[in-house]
Amino acid sequence: MNEELNALRDQIDHVDKQLVDLLAQRLKLVAGVGEVKSRYGIPVYAPEREAAMLASRRAEAEAAGIPADLIEDVLRRVMRESYSSENDSGFKCVKPELRRIVVVGGQGQLGRLFVQMFRLSGYQVDILEKDDWEQADTLLAGASVVLVAVPIDISCQIIDRLTHLPADCLLVDITSIKQKPLQHMLAAHKGPVLGLHPMFGPDVASLAKQVIVCCDGRGAEQYQWLLEQMQIWGARLQSVTAKEHDDAMSFIQALRHFTTYAYGYHLFEEKADIKCLLALSSPIYRLELAMVGRLFAQDPALYADIILSSEQNLQLIRRYHQRMGEAIQRLEKGDKQVFISHFKEVAAYFGDYAQQFLRESKQLLAQASDRRHHD
Ligand SMILES: NC(=O)c1ccc[n+]([C@@H]2O[C@H](COP(=O)([O-])OP(=O)(O)OC[C@H]3O[C@@H](n4cnc5c(N)ncnc54)[C@H](O)[C@@H]3O)[C@@H](O)[C@H]2O)c1
Ligand SMILES: O=C(O)C(=O)C[C@]1(C(=O)O)C=C[C@@H](O)C=C1
């Protein structure tokens with residue numbers, strides 16, 4: 001029996017090796033695509049091409065009697081590799097006549113990423129770090145763009161110092177909040193102003209598909225090139241007002257980070273045994289625990305700054321706390337029907353999204369499960 005099994009396994013090894021060769025061939029072709037795209041300034045991420053390609057491969061898979069989802073999963077993972085490989089050829093420089101770009105805080109986590117992307121696109125970039133302010137006047141006098149990438153709590157203070165930029169210089173920031181920094185930028189500088197919020201952390205391998213929120217300050221025609229440049233990097237731009245941004249971030253960041261922190265704090269106070277919880281977890285609980293645990297692997301100052309950035313955030317958190325109390329009171333009544341009817345009201349609010357989220361999370365869980373191993 002073992003021999004029979006071994007013979008089949010040998011053949012599987014052989015096929016898998018062919019897969020490795022095919023993937024190597026594919027990545028080589030993708031490197032060629034990256035080179036062409038870099039020359040002509042074509043965006044890394046090509047959603048229409050992906051959709052057409054996936055549709056054809058799915059149909060072929062079905063015809064060959066294998067699940068269409070299998071080839072789609074494989075190709076999506078392969079294309080993730082394409083995005084980072086296409087960074088290697090650099091990017092077309094949309095505005096080669098630009099003088100220098102100064103990134104204030106350019107050695108920080110996110111500042112460094114922007115410095116790298118600008119340099120990969122052929123721009124001259126200077127970094128202004130915390131001990132460099134003596135040379136600031138010289139650096140800033142020759143700048144065409146100043147990008148502020150300092151910690152949130154000092155962002156406005158730093159912006160207030162940028163009062164002597166060249167009149168045509170573009171002033172940009174990447175602070176995680178937008179109304180206050182944008183007001184300060186408009187007050188400090190009379191030229192073009194743009195607020196950005198990259199919706200990703202420093203660990204992304206590529207900007208393909210990553211969202212960057214853009215909030216207009218002034219002089220849209222003078223910063224249009226930067227939007228084009230970021231699209232070439234593969235980013236998806238979302239233009240909103242600074243208020244719309246901050247209102248949404250109260251939910252997406254402040255409330256989310258707070259509830260995650262509170263959940264971790266609760267586990268700690270309850271002395272919950274993480275090892276045991278993990279051993280007995282379903283994939284969804286493991287994923288939830290991972291979402292909580294990953295917060296505590298990161299910089300507490302960033303989270304403190306985000307949550308404390310506005311009174312509006314604290315008010316939202318207080319209302320959440322109050323609603324938890326109300327939900328507990330309903331439970332304490334011990335009336336199952338009350339719970340069910342309230343649950344249905346909330347489900348109606350989610351509407352079709354509830355089903356969509358169920359489908360999406362199923363796929364995520366299947367992928368998380370692939371990565372599981374005995375530990
Ligand atoms: N890290 C993220 O995931 C993330 C995501 C989106 C937006 N942001 C925003 O990016 C900005 C920077 O965040 P980060 O995580 O890169 O922080 P960071 O602490 O890693 O980097 C900040 C940099 O600013 C420098 N700095 C501090 N004081 C300075 C001064 N007086 N003058 C010049 N430079 C100074 C620091 O030396 C450091 O290199 C913040 O506004 C944050 O809201 C961060
Ligand atoms: O065809 C392209 O434009 C590519 O960049 C190649 C490729 C791929 O790996 O197939 C990668 C990224 C694009 O979003 C689409 C397809």
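Note that the numbering runs from 1 along the sequence shown for the chain. For ligands, and for the atoms within them, numbers begin at 1 and follow the listed sequence.
The nearest heavy-atom contact from the protein to atom 32 (N) of ligand 1 is Trp133 NE1, 2.9 Å. Scanning the protein for heavy atoms near atom 29 (C) of ligand 1, the closest one is Lys130 CB, 3.4 Å. Closest to atom 5 (O) of ligand 2 among all protein heavy atoms lies Glu86 OE2, 2.6 Å. Nearest to atom 6 (C) of ligand 1 among the protein's heavy atoms is Pro198 O, 3.2 Å. Of the protein's non-hydrogen atoms, Pro151 CG, 4.0 Å is the one closest to atom 19 (O) of ligand 1. From the protein, the heavy atom lying nearest to atom 28 (N) of ligand 1 is Ile154 CD1, 3.3 Å. The protein heavy atom nearest to atom 17 (O) of ligand 1 is Gln109 N, 4.5 Å. Nearest to atom 3 (O) of ligand 2 among the protein's heavy atoms is Lys37 NZ, 2.6 Å. Counting protein heavy atoms only, atom 9 (O) of ligand 2 is closest to Ser82 OG, 2.6 Å. The shortest contact between atom 31 (N) of ligand 1 and any protein heavy atom is with Ile158 CD1, 3.3 Å.
For ligand 1, the atoms lying closer than 4.0 Å to a non-hydrogen atom of Gly201 are 3 (O). Close contacts between ligand 2 and Glu50 involve ligand atoms 12 (C), 13 (C), 14 (O), 15 (C) [criterion: under 4.0 Å to a heavy atom]. Which parts of ligand 1 touch Ser176 is read off a 4.0 Å heavy-atom cut-off, strictly below it: atoms 6 (C), 7 (C), 8 (N), 9 (C), 42 (C), 43 (O). Of all atoms in ligand 1, numbered sequentially from 1 with element shown, those under 4.0 Å from a heavy atom of Leu128 are 33 (C), 34 (N). Close contacts between ligand 1 and Val104 involve ligand atoms 33 (C) [criterion: under 4.0 Å to a heavy atom]. The contact set between ligand 1 and Gln107, taken as ligand atoms under 4.0 Å from a residue heavy atom, comprises 39 (O). Every atom of ligand 2 is numbered from 1 in the order shown, and the set under 4.0 Å from a heavy atom of Tyr45 is 14 (O). Every atom of ligand 2 with a heavy atom of Met53 under 4.0 Å away is listed here by number and element: 10 (O).
Classification of the Phe339-Phe343 ring pair by plane angle, with boundaries at 30° and 60°, yields tilted. The aromatic rings of Phe357 and Phe350 lie perpendicular to each other, with more than 60° between the two planes, well past the 30° mark. Note: Tyr45 and Tyr83 have perpendicular aromatic rings, judged against thresholds of 30 and 60 degrees for the angle between ring planes.
Between Gly108 and ligand 1, a contact under 3.5 Å exists for at least one N or O pair. Remark: ligand 2 and Val33 share no N or O pair separated by less than 3.5 Å (distance only, no angle test). Polar contact check, Tyr83 against ligand 2: no nitrogen or oxygen pair lies under 3.5 Å apart. Ligand 2 has an N or O atom lying under 3.5 Å from an N or O atom of Arg26, backbone or side chain.
Within the 4.0 Å heavy-atom shell around ligand 1 one does not find Ser155. At a 4.0 Å cut-off, not a single heavy atom of Glu81 sits close enough to ligand 2 to count as contact. Heavy atoms of Ile42 come nearer than 4.0 angstrom to ligand 2 in no pair at all.
Contacts between Phe200 and ligand 1 below 4.0 angstrom, taking non-hydrogen atoms only, involve the backbone exclusively. Under 4.0 angstrom from ligand 1, the non-hydrogen atoms of Ala149 all belong to its backbone. The backbone of Val44, and not its side chain, has at least one atom closer than 4.0 Å to an atom of ligand 2 (non-hydrogen atoms only; backbone = N, CA, C, O).
Residue Asp126 holds its CG atom at 12.0 Å from CZ of Arg99, rounded to the nearest 0.5 Å. Here CD1 of Ile159 is found 4.5 Å from OG of Ser155. Values are rounded to the nearest 0.5 Å.
Taking only non-hydrogen atoms, the option from Gln253, Glu129, Gln157 nearest to atom 37 (O) of ligand 1 is Glu129. In this comparison of Leu302, Leu110, Val150, the heavy atom closest to atom 11 (C) of ligand 1 sits on Val150. For atom 9 (C) of ligand 1, the nearest non-hydrogen atom from the set Ile174, Asp153, Asp132 belongs to Ile174.
Put simply, Phe200 and Met291 are part of two different groups of oily side chains (I, L, V, M, F, W, Y) that touch within less than 4.5 Å, one to the next. By the criterion of side-chain heavy atoms lying less than 4.5 angstrom apart, applied directly or through intervening Ile, Leu, Val, Met, Phe, Trp or Tyr residues, Val145 is grouped together with Phe91 in one hydrophobic cluster. The hydrophobic clustering, which links ILVMFWY residues whose side-chain heavy atoms are closer than 4.5 Å, places Val33 and Ile232 apart. Linking Ile, Leu, Val, Met, Phe, Trp and Tyr whenever their side-chain heavy atoms come within less than 4.5 Å puts Leu165 and Val150 in one cluster. Note: the hydrophobic cluster containing Ile101 also contains Leu170 (ILVMFWY, side chain heavy atoms under 4.5 Å, direct or indirect links).
Taking a 6.0 Å sphere around CZ of Phe268, one finds it holds 12 or fewer heavy atoms contributed by other residues, nucleotides or ligands. Within 6.0 Å of CD in Glu4 there are 12 or fewer heavy atoms belonging to other residues, nucleotides or ligands. The environment of Arg77 atom CZ is dense: over 12 non-hydrogen atoms of other residues, nucleotides or ligands sit within 6.0 angstrom. By the 6.0 Å contact criterion, CD on Glu134 is open, its count of non-hydrogen atoms from other residues, nucleotides or ligands being 12 or less.
Protein heavy atoms are absent from the 4.0 Å sphere centred on atom 13 (O) of ligand 1. In this structure, atom 41 (O) of ligand 1 has a protein heavy-atom contact shorter than 4.0 Å.
Between the side chains of Ser38 and Ser89, no donor N or O sits under 3.5 Å from an acceptor N or O. For Gln229 and Tyr123, the side-chain atoms include at least one donor-acceptor pair closer than 3.5 Å.
Across all non-hydrogen atoms, the minimal contact from Glu86 to Gly34 is CG-CA, 3.8 Å. Taking all atoms of both residues into account, the shortest heavy-atom contact from Asn313 to Ser250 is OD1-OG, 2.6 Å.
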